[in-house]
Amino acid sequence: MARADGCHDPAVDQQVGAGDEGGAFDHLWAADAALPGPDVGALLRLTRREPGLRAVWLQTHNEAEPVFASALAERAGLPDDDVRPAVWAAMLNASLRAAVEHHAYRTAEPGIDAATARAELAATLRTALAAVAAGLG
């Protein structure tokens, strides 16, 4: 993941799959079967109109961020109180949230098959993670 100062940390780049043509999350979409459970996209689309659901969704991401920061700090060999893993975690967390929401809002049409939805979600996540890896410029 690139930092705002233009420096690059290869250990963290590896974490988010930067430059990984196969994609760090491809194993999640490898099965041909439909994903089990309710339509999570429909639930995410409701977060636009339901403040209580939006609050739960954002709280979930808020709780995940320190976990990401700790893992990134450990992988980069940095202490937990270093600000860089916190910033990287915030970038990663926000990009994942934005990608999943973007996907959910764009795939609302009925009749989309599970394989297409998985492929589109994987592509959206790869794009988001590439943006994180590229940093702020």
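We use all heavy atoms of the structure for the numbers below, so side chains are in, but hydrogens, waters and symmetry mates are not. No experiment lies behind these values; they were computed from the predicted model shown.
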**Prompt:** For Leu92 and Leu129, what are the C-alpha separation, side-chain angles and deciding distance, and is it a side-chain contact (heavy atoms from CB on, under 4.5 Å)?
**Reply:** CA-CA 7 Å; Leu92 176 62; Leu129 292 174; 3.4 Å; yes
**Item:** Leu78 side chain reached by Trp88 side chain, heavy atoms, under 4.5 Å
**Value:** yes
**Request:** Nearest 0.5 Å please: distance from the CG atom of Leu46 over to the CZ atom of Arg54.
**Result:** 12.0 Å
**Message:** For the CD atom of Glu63 and the CG atom of Asn93, what is their distance to the nearest 0.5 Å?
**Reply:** 11.0 Å
**Asked** Does Leu44 offer a backbone N or O that forms a donor-acceptor pair with the side chain of Thr47 under 3.5 Å?
**Response** yes
**Message:** Once rounded to the nearest 0.5 Å, what's the spacing between atom OG1 of Thr124 and atom CZ of Arg106?
**Reply:** 6.5 Å
**Message:** With a 3.5 Å distance limit and no angle check, can you tell me whether Thr60 reaches the backbone of Val56 through a side-chain donor-acceptor pair?
**Reply:** yes
**Asked** Rounded to the nearest 0.5 Å, how far apart are CG of Leu96 and CZ of Phe68?
**Response** 5.5 Å
**Request:** List the steps and the verdict of side-chain contact (heavy atoms from CB on, under 4.5 Å) for Arg84 and Leu72.
**Result:** CA-CA 9 Å; Arg84 292 171 293 178; Leu72 291 167; over 6 Å; no
**Message:** What's the separation between atom CG in Leu58 and atom CG in Leu53, rounded to the nearest 0.5 Å?
**Reply:** 11.0 Å
**Request:** Give a yes/no verdict on a cation-pi contact between Arg45 and Tyr105, requiring under 6.0 Å between NZ or CZ and the six-membered ring centre and an angle within 45° of the axis.
**Result:** no
**Fill in**
Value for NE2 (His102) from CD (Glu120), rounded to nearest 0.5 Å, stands at 9.5 Å
**Message:** Could you report the tightest heavy-atom contact between Ala89 and Ala69, atom names first, then the distance?
**Reply:** CB-N, 3.4 Å
**Message:** Count I, L, V, M, F, W, Y as connected when their side-chain heavy atoms are under 4.5 Å apart, and connections chain through other members. Are Val132 and Val83 then in the same cluster?
**Reply:** yes
**Asked** What closest approach, in Å, do Ala73 and Pro79 show between heavy atoms, and which atom pair accounts for it?
**Response** CB-O, 4.0 Å
